[in-house]
Q: 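First, the structure itself, so that you have it in front of you.
Keep in mind the model is a prediction, meaning the values are calculated, not measured. Residue numbers begin at 1 in each chain, while the letters A, B, ... track the order of the sequences.
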Amino acid sequence: MKLATWNVNSLKVRLPQVLQWLAENPVDVLCLQETKLTDDKFPVAEIEAAGYQVAFTGQKTYNGVAILSRHPMTEVVKGNPHFEDEQQRLIAASIDGMRVICAYVPNGQALDSDKYGYKLRWLEGLRHWLAEELAAHDKLAILGDYNIAPEDRDVHDPAAWEGNVLVSPPERAAFRQLQDMNLKDAFRLFEQPDKLFSWWDYRQMAFRRNMGLRIDHILLSAPLATRCSACVIDKVPRKWEQPSDHTPVVATLD
DNA sequence: ATGGCGGTGTAGCACCGA
């Protein structure tokens, strides 16, 4: 069983790449963020033709999340029942005995921005909902763009990023609080090469210079972490023409 | 210190992302 997450930065633009990636990497579940599509424009037929069922919730221009699955999905929930939010950033489904949650955590923009407060409140709301979901589902995976680099080793140049969103102590504390709920960062269950990231700015040839951050994560509850045999970042799609600025992260469960 | 790039909307640029 393979679970993956990918912030595609517009599914309209990236659909061919998603289909190509799935053809080469036929994962069981793929969580997408930043689809940027209203539900009436979601490419259901193309994704079903590739062998996947799909659940999605979107809006115009911003946000939007989806779960693609080779196996039946039930109990689909859109949004956080405990956090009123017009922004479409969460979707959950039960798949093959697991609870799978796809999350697009707010960016926060800047530490002095209202959006930063929204980000921290959003994460607090997520925590409360997750506590409930974990009580109901011992096998839970939450995949997505967390917009948090958990540690300095997840940042190409920690000094340059100090004082910025994605690395601030309150955001990192929020990430640790998720880990304190016995959710394991799948990537860190294994020895990994240094300086392996999941996002690189489009500007300044950041990808070529590996000026990136690891902000896309797969968190697994203990019964799933025990079964996890690998977690890799697939940099290949970031090298394609007209790429997303994020690249997929994949966890293998035995 | 700022903007760099890319996507979107409805436009001739402004906004947002990270």
Q: Reckon A/Tyr104 has a side-chain N or O less than 4.0 Å from the OP1 or OP2 of B/dA18?
A: yes

Q: Considering only atom P, compute the distance from B/dA1 to B/dC13 and round it to an integer number of Å.
A: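 Approximately 28 Å lies between the P atom of B/dA1 and that of B/dC13.
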
Q: Nearest whole Å is fine: how far is B/dG3 C1' from A/Met211 CE?
A: 13 Å

Q: Expressed in whole Å, how much space separates the P atoms belonging to B/dT10 and B/dG6?
A: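 Each nucleotide's P atom is 23 Å from the other's.
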
Q: Any base atoms under 4.0 Å from A/Asn164, or only sugar-phosphate, or nothing? Heavy atoms, all strands.
A: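 Counting heavy atoms under 4.0 Å across all strands, no contact is made by A/Asn164.
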
Q: Checking side-chain polar atoms at under 3.5 Å, does A/Gln87 have a donor or acceptor matched by the opposite partner on A/Tyr62?
A: no

Q: Quick check against the 3.5 Å criterion: does A/Arg227 have a side-chain atom that pairs as donor or acceptor with the backbone of A/Asp254?
A: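 It does hold such a pair.
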
Q: Does a side-chain N or O of A/Thr61 approach OP1 or OP2 of B/dC15 to a distance below 4.0 Å, or not?
A: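 Indeed not, no polar side-chain atom of A/Thr61 lies that close.
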
Q: If the C1' atom of B/dT2 is compared with that of B/dG12, how far apart are they to the nearest Å?
A: 24 Å

Q: Atom CD of A/Glu241 to atom P of B/dG6: distance rounded to whole Å?
A: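 From A/Glu241 CD to B/dG6 P: 11 Å.
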
Q: Quick check on B/dC16: is either OP1 or OP2 less than 4.0 Å from any side-chain nitrogen or oxygen of A/Lys115?
A: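 Yes.
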
Q: Is there a donor-acceptor contact under 3.5 Å from the side chain of A/Gln192 to the main chain of A/Phe187?
A: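 Side chain of A/Gln192 to backbone of A/Phe187: a pair is present.
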
Q: Rounded to the nearest angstrom, tell me the gap between atom CH2 in A/Trp122 and atom P in B/dG17.
A: 14 Å

Q: Is A/Arg203 near enough to B/dG17 that one of its side-chain N or O atoms lies under 4.0 angstrom from OP1 or OP2?
A: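 Answer is no, no contact under 4.0 Å.
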
Q: Please report, rounded to the nearest Å, how far the C1' atom of B/dA18 is from the CG atom of A/Asp154.
A: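 Taking atom C1' of B/dA18 as the reference, CG of A/Asp154 is at 15 Å.
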
Q: Please state whether the base of B/dA18 and the side chain of A/Asn147 form at least one donor-acceptor pair under 3.5 Å?
A: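 A donor-acceptor contact between them is absent.
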
Q: Could you tell me the separation between the CG atom of A/Asp245 and the P atom of B/dG4, rounded to a whole number of Å?
A: 16 Å

Q: What is the separation between atom CD on A/Gln87 and atom P on B/dC15, rounded to the nearest whole Å?
A: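 My rounded result for the distance is 17 Å.
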
Q: If only atom types and distance count, is the side chain of A/Asn182 paired as donor or acceptor with the main-chain N or O of A/Ala222 below 3.5 Å?
A: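 Side chain of A/Asn182 to backbone of A/Ala222, a donor-acceptor pair under 3.5 Å: no, none is there.
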
Q: Can any side-chain N or O of A/Asp234 pair as donor or acceptor with the backbone N or O of A/Val236 at less than 3.5 Å?
A: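 A pair under 3.5 Å: yes.
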
Q: Between B/dA18 and B/dT8, how many Å separate the two P atoms, rounded to a whole number?
A: 14 Å

Q: Assess whether a salt bridge exists between A/Arg127 and A/Asp180, defined as any Lys/Arg side-chain N lying under 4.0 Å from an Asp/Glu carboxylate O.
A: no

Q: Taking only the side-chain heavy atoms of A/Val13 (C-beta and beyond), determine which of B/dG17, B/dG3, B/dT8 contains the nearest atom.
A: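 Selected nucleotide: B/dT8.
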
Q: Please determine whether a side-chain nitrogen or oxygen atom of A/Gln242 lies at a distance below 4.0 Å from atom OP1 or OP2 of B/dG7.
A: yes

Q: I want to verify a distance call: between B/dG6, B/dC16, B/dG7, whose nearest atom is closest to the A/Ser10 side chain?
A: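 The nucleotide sitting nearest to the side chain is B/dG7.
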
Q: Any base atoms under 4.0 Å from A/Asp216, or only sugar-phosphate, or nothing? Heavy atoms, all strands.
A: nothing

Q: Between A/Asn63 and A/Arg14, name the one whose nearest nucleotide on DNA chain B is closer to the 5' end.
A: A/Arg14

Q: Let me know the distance between NZ of A/Lys36 and P of B/dC16, rounded to the nearest Å.
A: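 Rounded to the whole Å, the gap is 12 Å.
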
Q: So, OP1 or OP2 of B/dG6: does either fall under 4.0 Å of a side-chain N or O from A/Asn9?
A: no

Q: Let me know the distance between OH of A/Tyr62 and P of B/dG6, rounded to the nearest Å.
A: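 The distance from OH of A/Tyr62 to P of B/dG6 comes to 18 Å, rounded to the nearest Å.
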
Q: Where the side chain of A/Asn7 is concerned, which of B/dG4, B/dA18, B/dT10 is the nearest nucleotide?
A: B/dA18

